[in-house]
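Quick notes on the structure that follows.
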Amino acid sequence: MPELPEIETIVRGLAPHLVGRAVCTVRVREPRLRERIAPDFARALVGREIHSLARAGKTVVAGLDDGLRWLVHLGMTGRLTLQGADVAPRPHDHVEIGLDDGRCLVYNDVRRFGRLVVVAPDAVAAEVGLGLEPLGEDARPDVLAARARRRRLSVKAFLMDQRLLVGIGNIYASEILFHAGLRPWRRAGRLSLAEWQRVVAATRHVLEDAIACGGSTISDYRDGFEGFGSYQLRHAVYGRAGEPCVRCATRLRSRVIVGRSSFYCPTCQR
DNA sequence: CGCACCCCCTGCCGGC
DNA sequence: TGCCGGCAGGGGGTGC
């Protein structure tokens, strides 16, 4: 689910409400996530003030007043939402963080593929993925071309590899490659610089548009206040196999690439 | 190195 | 109606 635009939406929404707040209580109802929540997780958060809230790749990063970082990765179905005081727990509400204004930050996750951990600041990069931020200054066509040199992986696998770029997942990889006019299985190492320029332009365009729309709600995703995203209404190809291409009316197709469904227009993408 | 194939977990949908 | 297989935005490990 939550890729860069969804995490960015959550962080932008929650930051004004969380920064400056102190954590009063932590209740872990279900520690068995993809990685079990550490026994000292609650102790690491209680009494801490949240100094900052930011996104790194697909991870929410909260800076604490003792210098440590609280990382939240939402996996496929995670939700991080701010609730009023004393709301009844709902199914899959696994962690509740009580704040000093009486409100409660709730981590809900049907499939429990998420991850909650407190780490030292110098460990954040390795936890998040060492790739470039796709909206950052460093994500330039020549830099990506250099990273792809002599590599045989597909351009879609390249976009989704968090060691190369952080934040792009299965939905946005398909959308980006449609806007770049490239078939998803093209070998990354064989793209021209002009094609990398299209990839970078499409990446910025798609991610910024998606952020402006509050992300994509396919089924589970909600923002920090349980709101829906609307970028799914702008998806050109994702989930649209069999439908006509918005640009040329050719029937869109899907194909599995490195284990994930990919959607593309056989006419617009070459 | 790149990928196929496992795992983690729950829910939903379509076919029979 | 009910069961079963397949699939779903995440990532990690193994082995060819």
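Since this is a predicted model, take the numbers as computed values, not measurements. Naming: A, B, ... by sequence-line order, numbering from 1 per chain.
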Counterpart residues, ring pair (Phe, Tyr, Trp, His ring centres under 6.0 Å), relative to [X] (two or more places apart):
X: His92(A); result: none
X: Tyr264(A); result: Trp185(A)
X: Phe178(A); result: none
X: His94(A); result: none

Return all side-chain donor-acceptor pairs below 3.5 angstrom for residues 239-248 of chain A, not counting sequence neighbours, or 'none' if the list is empty.
from: Arg240(A); atom 1: NE; to: His235(A); atom 2: O; distance (Å): 2.7
from: Arg240(A); atom 1: NH1; to: Glu243(A); atom 2: OE1; distance (Å): 2.8

Side-chain donor-acceptor contacts of residues 127-134 of chain A below 3.5 Å, not counting sequence neighbours, with atom names and distances?
from: Glu127(A); atom 1: OE1; to: Arg115(A); atom 2: NH1; distance (Å): 2.7
from: Glu127(A); atom 1: OE1; to: Arg115(A); atom 2: NH2; distance (Å): 2.8
from: Glu133(A); atom 1: OE1; to: Arg55(A); atom 2: NH1; distance (Å): 3.0
from: Glu133(A); atom 1: OE1; to: Arg55(A); atom 2: NH2; distance (Å): 3.1
from: Glu133(A); atom 1: OE2; to: Arg55(A); atom 2: NH1; distance (Å): 3.4
from: Glu133(A); atom 1: OE2; to: Gly57(A); atom 2: N; distance (Å): 2.8

Item to check | Ala88(A): side chain to side chain contact (heavy atoms under 4.5 Å, CB included) partners, not counting sequence neighbours | outcome: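 For Ala88(A) there are no side chain to side chain contact (heavy atoms under 4.5 Å, CB included) partners, ignoring immediate neighbours.
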
Heavy-atom donor-acceptor pair, Arg112(A) side-chain to dC9(B) base, under 3.5 Å | no

Output field dot_bracket for DNA chain C (Watson-Crick or G-U, both distances under 3.5 Å, | for other-strand pairs) contains .|||||||.|||||||

[N] [atom2] sits how many Å from [X] [atom1], rounded?
X: Leu74(A); N: dC9(B); atom1: CG; atom2: C1'; value: 16 Å
X: Arg163(A); N: dC3(B); atom1: CZ; atom2: P; value: 11 Å
X: Asp161(A); N: dC1(B); atom1: CG; atom2: C1'; value: 12 Å
X: Arg152(A); N: dC3(B); atom1: CZ; atom2: P; value: 9 Å
X: Asn108(A); N: dT10(B); atom1: CG; atom2: P; value: 13 Å
X: Asp109(A); N: dC8(B); atom1: CG; atom2: C1'; value: 11 Å
X: Arg147(A); N: dC1(B); atom1: CZ; atom2: P; value: 14 Å
X: Ile10(A); N: dG10(C); atom1: CD1; atom2: P; value: 14 Å

Write down the protein N/O and nucleotide N/O pairs, taken from nucleotides 11-14 of chain B, whose separation is under 3.5 Å; answer none if there are no such pairs.
from: dG11(B); atom 1: OP1; to: His92(A); atom 2: NE2; distance (Å): 3.1

Q. For Phe113(A) and dC9(B), are the ring centres under 5.5 Å apart with planes inclined under 30°?
A. no

Counting N and O atoms only, with roles assigned by atom type, does the side chain of [X] sit under 3.5 Å from a partner on the main chain of [Y], one being a donor and the other an acceptor?
X: Ser230(A); Y: Cys213(A); result: yes
X: Gln269(A); Y: Pro266(A); result: no
X: Arg111(A); Y: Asp109(A); result: no

With rounding to whole Å, what would you report as the distance between dG6(C) and dC5(B) at their P atoms?
13 Å

List, with names and distances, any nitrogen or oxygen atoms from the protein found under 3.5 Å away from nitrogen or oxygen atoms belonging to nucleotides 11-15 of chain C.
from: dG11(C); atom 1: OP2; to: Lys58(A); atom 2: NZ; distance (Å): 3.2

Sugar-phosphate, base or nothing in reach of [X], heavy atoms under 4.0 Å:
X: Arg32(A); answer: nothing
X: Phe158(A); answer: nothing
X: Ile218(A); answer: base

- Query: According to a strict under-4.0 Å criterion, is Arg111(A) in side-chain N/O contact with OP1 or OP2 of dC8(B)?
  - Reply: no

Discussion item. If you compare every side-chain N and O of Ser261(A) against the phosphate oxygens of dA8(C) (OP1, OP2), does one of them come in below 4.0 Å?
Written reply: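 Yes, such a contact exists.
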
Which side-chain N or O atoms in residues 153-163 of chain A pair as donor and acceptor under 3.5 Å with protein atoms at least two apart or in another chain?
from: Ser154(A); atom 1: OG; to: Ala157(A); atom 2: N; distance (Å): 3.0
from: Lys156(A); atom 1: NZ; to: Asn170(A); atom 2: OD1; distance (Å): 2.5
from: Lys156(A); atom 1: NZ; to: Ser262(A); atom 2: OG; distance (Å): 2.9
from: Asp161(A); atom 1: OD1; to: Arg163(A); atom 2: N; distance (Å): 2.9
from: Asp161(A); atom 1: OD1; to: Arg163(A); atom 2: NE; distance (Å): 3.1
from: Asp161(A); atom 1: OD2; to: Arg163(A); atom 2: NH2; distance (Å): 2.9
from: Gln162(A); atom 1: OE1; to: Gly167(A); atom 2: N; distance (Å): 2.8
from: Gln162(A); atom 1: NE2; to: Met160(A); atom 2: O; distance (Å): 3.0
from: Gln162(A); atom 1: NE2; to: Ile168(A); atom 2: O; distance (Å): 3.2

*Contact list for residues 108-132 of chain A, test ring-ring contact (aromatic ring centres under 6.0 Å, His included), sequence neighbours left out*: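 Checked against ring-ring contact (aromatic ring centres under 6.0 Å, His included) - neighbours excluded - no pair reaches residues 108-132 of chain A.
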
